[in-house]
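All remarks here apply to the structure that follows.
First the proteins, then the strands, lettered A, B, ... as listed; each starts at 1. Since this is a predicted model, take the numbers as computed values, not measurements.
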Amino acid sequence: MQKKYKKGASVNYTSRNQALRKLQLTLADFRRLCILKGIYPVEPKNRRKANRGRLANKTYYLAKDIRFLTHEPIIDKFRHLKSYLRRVTKAKARNEKSREETLRNNRPFYKLDHVVRERYPSFADALRDLDDCLTLIFLFANFPLLKKLYEPRLRLCRRLSVEFLHYVIASGSIKKCFISVKGYYIQVEIRGEIITWIVPHKLGHKNPADVDFKIMATFLEFYTTLLGFVNFKLYSDLGLIYPPKLTFSATTSLSTLCSEDEFSDEFLASLGLPIMKKADANPVDQVEVDQEAAQLLGNTEGDEENRRKEEETKTIQKLFSKCKFFISREIPREMFAFVIRACGGNVSWDKTMCPGATYDVNDESITHQLVDRPKLNDMIVNRAYIQPQWVFDSINARKLLPVDSYLPGSVLPPHLSPFVEEKEGDYVPPERFGQRQPDHDVEEEITKQVPSINLVENNAYLNGNLKRKRKDEEETPVPAKPTTKEQRKQAMRVESGQVQNINVPNIVKRKADEEKRLLEMTIPKKQKRLYDKIKFSQKKKRQEVEKLTRKRANHENRAKQDTTIDKKK
Amino acid sequence: MGRKTAKHVPRNQKKYWRKISTQDIEDRLEDVRVQEMTGGRRADQPDHVLYHIDNELPLGAKSPSAEETEYTAPILRSTGKKRQQLDLNNLNTYKILQPHSSVLPPAVDARPTKNPSSKRTKRLVETQEIVETRRAATKKYQTAIKQRSEAFEKTALDKAGKIELDDPHVSQGYDLWNMRDEKKEKVRSAVGSDMASYMEQIYQTYDWKVPKHITKKPTKLPAIETPLPGTSYNPTFDDHQGLLQKAVEVELEKERKELKLLRNLPKPLTQSAAEPIKQSYLKEMSAGIFDDDIENEQANDKNSFFGLNSVSIGKPVTVDTKTVAQRNKEKLRKIKDAEAKAAKEKRIQDNKFFRLKSIRKEITKESLEQQARDKKRKIEYENREKFGTKKFGRYKFEDADLDLNLSEDITGNLRTMKAEGNLLHDRFKSLQKRNIIESRIRAKPTKTKVKRYEKRSVREVGHRLNHPGVHIPHGVQYKTPHNLPDEYADHPLYPPIRPKYPPGSWGSMDPKKAWMHFELGEKHYRHLKSVKERLTIMAYQNMICYYDKLDVEQINSKLIWMLTGRPRSPRSLPFYKHITQTHVTDELPKFYEQMDVESLLNYVKPILIDRILTDEYAQKDDIPLEDMYDKGDYKVSSIMNEKKLKIDQQRTTNTLTKMIRTIINVLAEHKPHLRQALVSIY
């Protein structure tokens, strides 16, 4: 007979205390190890079975995971660290200064390289998990130096975050940005992976009481290692020099805000200047590669989508290429400098605000000046003074919006979230994405551009269609048949032949419609009902949208009239 | 060598003799015997009978040439030839060292060898040695310098590297995902994959197999949830209202849960419901205190007098018996009921047969419903598995509040915007929500336990001993106040709380000090009944000078206390007055008025004058010689003055002592007690 608790859940799960005993670690060390290795607790389906018939509230882990952890070399390092701490405290208590120093210089440390490799077998995996990593690192990069935080790690965070931002600028992969009350949401697309992260507002920092700092610091430890490797890989794939270097060497004449050895770092961190590329670089354009692969595989459906996407990226990359910005002092400089540079713009700021300013306020070529104060005293004529929201809205709209409603002191139009995605057929208010033209308009434009094709040059496939079409034409437009001979005579006439113009897209569309109708007919009765339901709901939605658009148009017309009347008065 | 025989064996016996083995002699004899039997003694026989030269070649060897046979000739030494002298210059050991290659060495040193014993070579060698040591020293010095500079450079570089990298423990200078273990690959190419894997196992250098699920996420929830449009710093009205609505819903849900909890708890009593309980409580507690109870009792007594003291409450129990007819009737009715019931059941069952179709319908309907329910449950379960937050351990995850700006906080301007929420907190909660870490509640810092013990002095206070917490060690008898009851007394037994200051006016004295003085007074003075006793004690306690007895005189039926000496603590006269309950008299006692001072003075005066004069005369020689001849040129005036002052002072004291002594001596003729007086002038 099988003994109880020798098989199944009671063996597959290990409680936390059991795991501690097995690994001979303290709870704090175990927590750290689990976070570093990516071992998460599990909830057994049946707690009673997992705990030998008892129903205690325990934290469980998979026994396999714990067995996996036993092989981890970091555990040994933890033990070294423990004894190191003991030695240091002893030396300190005995007031043995030199011994303490030697101990401190030989502090044991562990590397997480293998763990990163283990948890992210491919680079794409690492990119997929970058959301958390970036948010935490940007958060800690903006932290003040607290006593409970390891200071070099904070500086590392700062460095890594700057490096990543530089990569985004160099690759032009920004997609969306949004100012929320929580922070700046930024979305980029790197190698087809969408990465979103939050950058906190640079306001006063307050320590939340119920957050375990130790745990967050451990996450940070792992994420710094991860982002370091990711940055290296991204840089080297794009043909950039890593660690990033500016294209020129900074000199003391540029700024008096920092000392000479801090220059390169400070100028890098200001994000205002481009970074160096490798001399023999031929970066791999991932999009092109993807397209080629798609063509080879015969995947033409995704082709159009890809082309559209690529075009969009190109527009974003060149959005501000003709603009020259100047950021006033009251604006969070770093974020705006990054966003503008990521879209190909030039940016500068007051020399006293931050090092890395490239031109002055009085520069004639400045096109836009970001201002966030109600009143300005001296303004220069040939530039637009705008509130900072314009930058974010323009990026989300993928075009330069008119600056009229963003003038300083004016009430701004609402800042809409680009993360709200309308489904097909939803009502899109014209404010969204700055009056982005609806899809059908775009289609019309395309149809206009397509030149009409000569009948003779067309292939047989189109001919077939044409014949049917001609029949239709014959049937419909003729009002009455000629009855009398004279009339017939009059009607009988030979005219010079004309090249008939046909609209190819129309034909294609009709063909598609027909096919669709035929398909609809083949749907079995049971599913037909569902299909009808869906169709009905879509129709209702369309009606709703039409109603809303009509309402809106009316409202706007009325508003226009009102304004004209006011003007007349 | 010790003997093997035991010590106690007597030495005159044969037993004590030394035992020697004769085995070798026996063997020899035996051998000889055998030799004689087999053809005579070997020693007597010639060599050629015993030995023969083995000329046969070993198997497969060539027959030796003539030279070799010649060469091998010396081996036959047994023929009596003299042994050749050893050629020391031609030893085999040296031969081995000779170059045996047919190829000549590249160069041969043609220089003549030096005679090692000559003076010149010796000198040369010495100089060589000196040069070498010097060279070694310089080399050592140079390498030391080089190493030092290298080390310095290295540390500097390390430091620079540290500054550059911020964290030296983080290495990020290589492509992690494109890395190849070159060492391993080399081994693999050299020995083949099987052998390589075996070696990896031996040296434990193989990569551990990583469980597949480690790369999977515990939930499908995104790390960064898409922001709601209402959280924009400048949202549209509708979006913001939507966000507020969401927040309100969350709050309502919380409230609903709280209410549910409250409903399930036992209700607290309302004011009106608690009133009767309060009254009855009062009544119960005050039972037997007031007189009206006695009146009631008296009334009760009266009632009992009338015979109304019934014990039972409620109706009296009466016993009815049923008749036989009644029992029969009941039985019949029971039977009839059972029959009717059975008939009804049968009818229903029969009818069901005709209802087969509808029953089948019902069953199918039920099963369909069941299926739908199962499906729904399954979907819910899957959703929970994918998106739900699991419960690890004791605490359930509680979602953070929504971060939102209230309507009045929205300024529509980036500069004046009000930021909400803490990103760190948000991250922490997100990790918990995504089942990455368990939700915990911050533990309160544990207080270190304070060991409490009672001082001996406190322990010895008697009435605290009755306190249940006090431990009395076995065998020690403490005095307990006999009047204390066993359990609870009517009034508390704690020592009374004393006022801040003891009775009397104490000014701004420290209360503790005041109490100390008071207690001292109580202890030393209050319990003494007579004033004399008190004064005596006080004199002993507080006077610098003390006497064996105090002078007390009764003058005009009043006791006069002669207090001599100073009190130890200044300004304590009121205290003494209070303690001793005495007062200080203003005038001298009458006794002094009657004294004849004039005659005494006349008697003493000439003696005193005489005395002083003799003193003056005697002390004149005291002036030092230098001072006598001082012209004031080289002496500092201040030093002079000081010296003079000192001399003056000494003279006065001398004179005064002598005067007082004289007076006492003179007066002691009539009053002998004066001889006991102590005199001190300082």
Which answer fits [X], side chain, backbone, both or neither, if we ask what part of it has an atom under 4.5 Å from a heavy atom of chain B?
X: A:Leu412; answer: both
X: A:Pro408; answer: neither
X: A:Ile331; answer: neither
X: A:Phe123; answer: both
X: A:Ile215; answer: side chain
X: A:Arg16; answer: side chain
X: A:Pro200; answer: both
X: A:Phe143; answer: side chain
X: A:Asn231; answer: neither
X: A:Lys45; answer: side chain
X: A:Glu43; answer: both
X: A:Tyr235; answer: neither
X: A:Pro332; answer: side chain
X: A:Arg47; answer: neither

*Heavy atoms under 4.5 Å from chain A: which residues of residues 373-394 of chain B carry them?*
B:Tyr381, B:Lys390, B:Lys391, B:Phe392, B:Gly393, B:Arg394

*Determine the option with the most heavy-atom pairs under 4.5 angstrom with chain A, choosing from B:Arg415, B:Glu438, B:Glu420.*
B:Arg415

*asked:* If you count heavy-atom pairs within less than 4.5 Å of chain A, which of B:Asp403, B:Ile437, B:Ile214, B:Ile436 leads?
replied: B:Ile436

With a 4.5 angstrom heavy-atom cut-off, which part of [X] approaches chain A: side chain, backbone, both or neither?
X: B:Lys212; result: neither
X: B:Pro235; result: backbone
X: B:Leu431; result: side chain

_Trace of the side-chain contact (heavy atoms from CB on, under 4.5 Å) decision for B:Lys418 with A:Val181_ = CA-CA 7 Å; B:Lys418 196 185 169 197; A:Val181 287; over 6 Å; no

Are the side chains of [X] and [Y] in touch, meaning some heavy atoms are under 4.5 Å apart?
X: B:His425; Y: A:Asp210; answer: yes
X: A:Tyr185; Y: B:Ile224; answer: yes
X: A:Arg119; Y: B:Val210; answer: no
X: A:Phe178; Y: B:Thr226; answer: no
X: B:Lys217; Y: A:Tyr40; answer: no

Between [options], which shows the greatest number of heavy-atom pairs under 4.5 Å with chain B?
options: A:Leu62, A:Asp129, A:Leu136; value: A:Asp129
options: A:Lys37, A:Glu330, A:Lys58; value: A:Lys58
options: A:Phe219, A:Phe140, A:Tyr60; value: A:Phe219
options: A:Pro121, A:Gly38, A:Cys34; value: A:Pro121
options: A:Leu203, A:Val116, A:Asp212; value: A:Asp212
options: A:Ile35, A:Ile39, A:Val42; value: A:Val42

Could you grab the distance from atom [atom1] of [X] to atom [atom2] of [Y], nearest 0.5 Å is fine?
X: B:Lys216; Y: A:Asp125; atom1: NZ; atom2: CG; value: 12.0 Å
X: A:Ile179; Y: B:Met417; atom1: CD1; atom2: CE; value: 7.5 Å
X: A:Arg117; Y: B:Leu176; atom1: CZ; atom2: CG; value: 6.0 Å
X: A:Lys206; Y: B:Leu424; atom1: NZ; atom2: CG; value: 13.0 Å
X: B:Glu225; Y: A:Asp131; atom1: CD; atom2: CG; value: 11.5 Å
X: B:Asp239; Y: A:His415; atom1: CG; atom2: NE2; value: 11.5 Å

_B:Glu366 atom CD, over 12 foreign heavy atoms within 6.0 Å_ = no

_With a 6.0 Å cut-off (strictly less than), is the heavy-atom count around CD of B:Glu369, excluding the residue itself, greater than 12?_
yes

Quick check: does any side chain N or O of [X] sit under 3.5 Å from a backbone N or O of [Y], one acting as donor and the other as acceptor?
X: B:Asn413; Y: A:Asp372; value: no
X: B:Arg442; Y: A:Ala209; value: yes
X: B:Ser232; Y: A:Ser417; value: no

*Please work out which of the three classes, parallel, tilted or perpendicular, describes the rings of B:Trp177 and A:Phe229, given edges at 30° and 60°.*
perpendicular

Quick one: closest heavy-atom pair of [X] and [Y], and the distance?
X: B:Thr215; Y: A:Glu118; value: CG2-O, 4.2 Å
X: A:Phe232; Y: B:Asp175; value: CE2-N, 3.3 Å
X: B:Thr236; Y: A:Leu416; value: CG2-CD2, 3.4 Å

_Identified side chain to side chain donor-acceptor pair (under 3.5 Å) partner of A:Lys182 from the options B:Asp426, B:Asn422, B:Thr231_ = B:Asp426

_Stepwise side-chain contact (heavy atoms from CB on, under 4.5 Å) test for B:Arg427 and A:Asp132_ = CA-CA 8 Å; B:Arg427 285 295 84 206; A:Asp132 236 347; 2.6 Å; yes

